[in-house]
Amino acid sequence: MYLDCFKIPIDKEEAMLKKRMIQNGGPKHGYIDNSYPCGLFFYKQFHEVNFDCITIFYGGNGSGKSTLLNLIAQKLKLNRVAPYNTGEMFDLYVEECTYETGEDDEGFPYTIPAGSRIITSDDIFDYMLSVRENNEVLEESKEDLKEDWRELRYGETIQLKGLEDYEALRKQVLARSRSVSRRQYIGWLAGGEVKLNSNGETALEYFHTKLKNDKLYLLDEPENSMSPQMQLKLVEMLKTLSRYCGCQFVIATHSPLLLAIEGARIYDLDACPVTISNWWELENTRILFDFFDKHRDLFR
């Protein structure tokens, strides 16, 4: 495991707040506009995370699971794309956080692998939007290339008078080639579209593309946009990457299907104090169980 332990400085929050108040207005008139993330973990007595190959933060909205991922990502300087919630205390809070890495078989500490990153649901939504926009641009480009193909194939032969004519002549040779169809000509010059199916399938393809071997990944609600069937496929992908491909995952989720990943260490951030729990003990799972149990006769 690359990341072994992460410590949250709840015992230093009061000192941090006083320091910031003095910076803002002095010892008499100090103030703080936004104390986040101070107080979020203090009342839950949550000060240390010990990681496994797959570690999960469970909790409802506002429980702090995404905040904790962001604190870890910033402290470890992980790659990220999407912006995140912050405030005037956030960077100071990150400075006071500490972490320890795991050790290899000879007792040498691991370093966090280059290319490790945090992936959020916003990253996936942005990917879907960019693919759709790219496909729309390609469709417009293809219409223009259809007209170019007709003119190049049946129009006058381009005379090579200088380097500026070379590209146009190359396209004409390609358009007039008997072995190249119009579809092939357009496809080679316009490029290929990215196949878009359902949102869940596209999200799963995103993870297939982005997740590499031997990396640390922080995943914030990766199940968003995924049907139960797609979530189960994601679970198998994460298990394979963790077990055979040298990856470590820290996941924020409230999906029972992800929570049930075999061997995952689950922190229940809805509990006070925060506890390590089994997936079948969590509220979301119990609600679903009670619902299906109530309608048990319909499944017989």
Side-chain angles (χ1 to χ4, degrees), residues 3 5-51 55-100 112 116-127 129 216-225 249-255 266-277 282-284:
L3 184 59
C5 175
F6 189 85
K7 295 183 179 180
I8 307 166
I10 59 173
D11 58 330
K12 299 181 179 180
E13 288 186 1
E14 185 177 355
M16 283 189 283
L17 291 168
K18 288 181 179 179
K19 179 180 178 180
R20 186 62 182 179
M21 290 175 68
I22 292 173
Q23 290 174 343
N24 284 351
K28 292 185 178 181
H29 305 290
Y31 64 93
I32 292 178
D33 290 323
N34 183 0
S35 63
Y36 172 84
C38 289
L40 190 55
F41 305 111
F42 180 84
Y43 296 105
K44 299 181 180 184
Q45 303 174 42
F46 191 32
H47 60 88
E48 183 173 325
V49 184
N50 293 291
F51 296 92
T55 303
I56 298 178
F57 300 143
Y58 162 85
N61 294 334
S63 64
K65 60 185 188 297
S66 295
T67 296
L68 187 51
L69 282 188
N70 287 326
L71 288 171
I72 296 170
Q74 286 304 103
K75 188 65 181 183
L76 273 57
K77 296 181 171 58
L78 300 186
N79 295 338
R80 71 180 307 143
V81 176
Y84 59 97
N85 291 333
T86 185
E88 60 181 306
M89 294 297 300
F90 193 87
D91 290 340
L92 182 59
Y93 206 91
V94 169
E95 289 178 11
E96 296 294 338
C97 292
T98 60
Y99 69 93
E100 298 174 7
I112 303 301
S116 296
R117 61 177 296 185
I118 179 172
I119 296 175
T120 71
S121 55
D122 286 344
D123 294 326
I124 301 169
F125 291 141
D126 289 344
Y127 170 77
L129 290 174
L216 168 66
Y217 290 107
L218 277 54
L219 309 180
D220 192 3
E221 298 189 357
E223 73 275 9
N224 281 354
S225 302
F249 293 98
V250 184
I251 306 169
T253 185
H254 39 67
S255 163
I266 303 171
Y267 283 88
D268 181 2
L269 271 67
D270 281 344
C272 187
V274 171
T275 58
I276 296 176
S277 300
L282 300 170
E283 182 182 24
N284 276 18

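The structure displayed is predicted, hence computed values, not measured ones.
Between atom CG of residue L69 and atom CD1 of residue I251 there is a gap of 9.5 Å, rounded to the nearest 0.5 Å. In this structure, CG in N24 is found 6.5 Å from CG in D33, a value given to the nearest 0.5 Å. Residue I10 holds its CD1 atom at 6.5 Å from CZ of F42, rounded to the nearest 0.5 Å. How far CD1 of I276 is from CG of N50: 7.0 Å, rounded to the nearest 0.5 Å. Here the OH-OG1 distance, from Y267 to T275, works out to 10.0 Å after rounding to the nearest 0.5 Å. With rounding to the nearest 0.5 angstrom, the CG atom of L3 is 12.5 Å from the NZ atom of K75.
In terms of the ring-ring contact (aromatic ring centres under 6.0 Å, His included) criterion, residue partners of F90 (sequence neighbours excluded) are, by chain and number, Y84. Under the rule for a salt bridge (Lys or Arg N to Asp or Glu O under 4.0 Å), the partners of K18 that lie at least two apart in sequence or sit in another chain are E14.
When all heavy atoms of L282 and S277 are compared, the closest pair comes out as CD2-CB, 3.9 Å. Across all non-hydrogen atoms, the minimal contact from P9 to M16 is O-CE, 3.9 Å. Residues L269 and K44 approach most closely at O-NZ, 2.7 Å, considering heavy atoms. A pairwise comparison of heavy atoms in Y93 and P37 identifies CG-CG, 3.7 Å as the closest pair. Minimum interatomic distance between S225 and F125 (heavy atoms only, all atoms of both residues): OG-CE2, 2.8 Å.
Under 3.5 Å, the side chains of T253 and S255 contain no donor-acceptor pair of N or O atoms. Side-chain contact of E283 with Y58: a donor-acceptor pair under 3.5 Å is absent, judged by distance alone.
Between L17 and I32 there is a side-chain heavy-atom pair separated by less than 4.5 Å. Looking at I118 and N70, their side chains come closer than 4.5 Å, going by heavy atoms from C-beta outward. No side-chain heavy atom of K7 sits under 4.5 Å from any side-chain heavy atom of Y99. Looking at L71 and F41, their side chains come closer than 4.5 Å, going by heavy atoms from C-beta outward. The side-chain heavy atoms of I124 and N224, taken from C-beta on, include no pair separated by under 4.5 Å. Here the side chains of S63 and F57 are not in contact, with every heavy-atom distance at 4.5 Å or above. Residues V49 and L68 have side chains in contact (heavy-atom distance under 4.5 Å, counting atoms from C-beta outward). Between L76 and L218, the closest side-chain pair of non-hydrogen atoms is not below 4.5 Å.
In this structure, the side chain of D123 engages the main chain of T120 through a donor-acceptor pair within 3.5 Å. Using modelled atom types, one side-chain atom of N284 and one backbone atom of H254 make a donor-acceptor pair closer than 3.5 Å. E13 contributes a side-chain N or O that, together with a main-chain N or O of G39, makes up a donor-acceptor pair within less than 3.5 Å. A donor-acceptor pair under 3.5 Å links the side-chain atoms of K65 to the main chain of G59, judged by distance alone.
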Exercise. Start with the C-alpha distance between K77 and I112, add both sets of side-chain angles, then the distance that settles side chain to side chain contact (heavy atoms under 4.5 Å, CB included), and finish with yes or no.
Key: CA-CA 9 Å; K77 296 181 171 58; I112 303 301; over 6 Å; no
Quiz item: Could you walk me through whether F51 and V250 pass the side chain to side chain contact (heavy atoms under 4.5 Å, CB included) check?
Solution: CA-CA 8 Å; F51 296 92; V250 184; 3.8 Å; yes
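Applying the salt bridge (Lys or Arg N to Asp or Glu O under 4.0 Å) definition to pairs two or more places apart or across chains, those involving residues 78-98 are K12-E96, R20-E88.
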